Amino acid sequence: MSETPPETPDFDAMTRDIAEVPAVEVIVTVAVNLMSAAAVKLGLTDEGDTYKDLDEARKLVTALAGLLDASATEISSFHAAPLRDGLKSLQLAFREASVVPDEPGQGPGEKYTGPVYG
């Protein structure tokens, strides 16, 4: 019995596919992925606290804030506004989930957004 070799990715096709995607779409997709991962690590999904890890959530929220800060002028307010709203919601959820909340301005991503208040 012969084994079939595992399929190797078609890097040329992948490069062509990526080349056709506008930068705004890539940035928004990455931001949404960071938001989703942060929500899981904050315990905000149907699984609840199963995957909760505030240290990991802090990293993801900070990365999201940095991405949005760096790209805000590039992606237009049409895309940036809902992403900023989502970021603020995650920052507030982090503060609520923390046993000892960070001082205002010291929470995840707040070096990019400034202090976040409910």
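This is a predicted model, so every value here is computed, not measured.
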Sorted by chain and number, sequence neighbours left out, salt bridge (Lys or Arg N to Asp or Glu O under 4.0 Å) with K59 holds for D55, E56
Kindly work out whether a path of hydrophobic side-chain contacts (I/L/V/M/F/W/Y, heavy atoms less than 4.5 Å apart) joins L83 to I27. yes
Check side-chain contact (heavy atoms from CB on, under 4.5 Å) between A13 and all other residues, then give those that pass, not counting sequence neighbours. D10, R16
Identify all side-chain donor-acceptor contacts of residues 66-80 below 3.5 Å with residues at least two apart in sequence or on another chain.
from: S71; atom 1: OG; to: L67; atom 2: O; distance (Å): 2.7

Could you check T50 against T45 for side-chain contact (heavy atoms from CB on, under 4.5 Å), going step by step and ending with a plain yes or no? CA-CA 9 Å; T50 304; T45 61; over 6 Å; no
Distance (rounded to the nearest 0.5 Å) between F94 CZ and L60 CG: 10.5 Å
Other hydrophobic cluster members with Y117, side-chain heavy atoms of Ile/Leu/Val/Met/Phe/Trp/Tyr under 4.5 Å, chained? none
Show me the pairs that pass salt bridge (Lys or Arg N to Asp or Glu O under 4.0 Å) and involve residues 27-44, at least two apart or across chains. none
Give me the atom names and distance for the closest heavy-atom approach of A93 to L42. CB-CD1, 4.2 Å
Show which residues join V99 in its hydrophobic cluster (side-chain heavy-atom contacts under 4.5 Å, direct or indirect), or state none. V100
Within residues 87-116 or reaching into it, pairs that qualify as side-chain hydrogen bond (donor to acceptor under 3.5 Å, both in side chains) - sequence neighbours excluded: R58-D102, Q91-T113, R95-E110
Test of understanding: with side-chain contact (heavy atoms from CB on, under 4.5 Å), list the residues that count as partners of D85, not counting sequence neighbours. none
List the residues meeting side-chain contact (heavy atoms from CB on, under 4.5 Å) with D17, not counting sequence neighbours, and say none if there are none. none
Checking A81 now: which residues fulfil side-chain contact (heavy atoms from CB on, under 4.5 Å) with it, not counting sequence neighbours? R84
Donor-acceptor pairs under 3.5 angstrom involving side-chain atoms of residues 28-40: please list them, not counting sequence neighbours.
from: T29; atom 1: OG1; to: E25; atom 2: O; distance (Å): 2.7
from: N33; atom 1: ND2; to: T29; atom 2: O; distance (Å): 3.3
from: S36; atom 1: OG; to: V32; atom 2: O; distance (Å): 3.0

Shared hydrophobic cluster, Y51 / L90 (ILVMFWY, side-chain heavy atoms < 4.5 Å): no
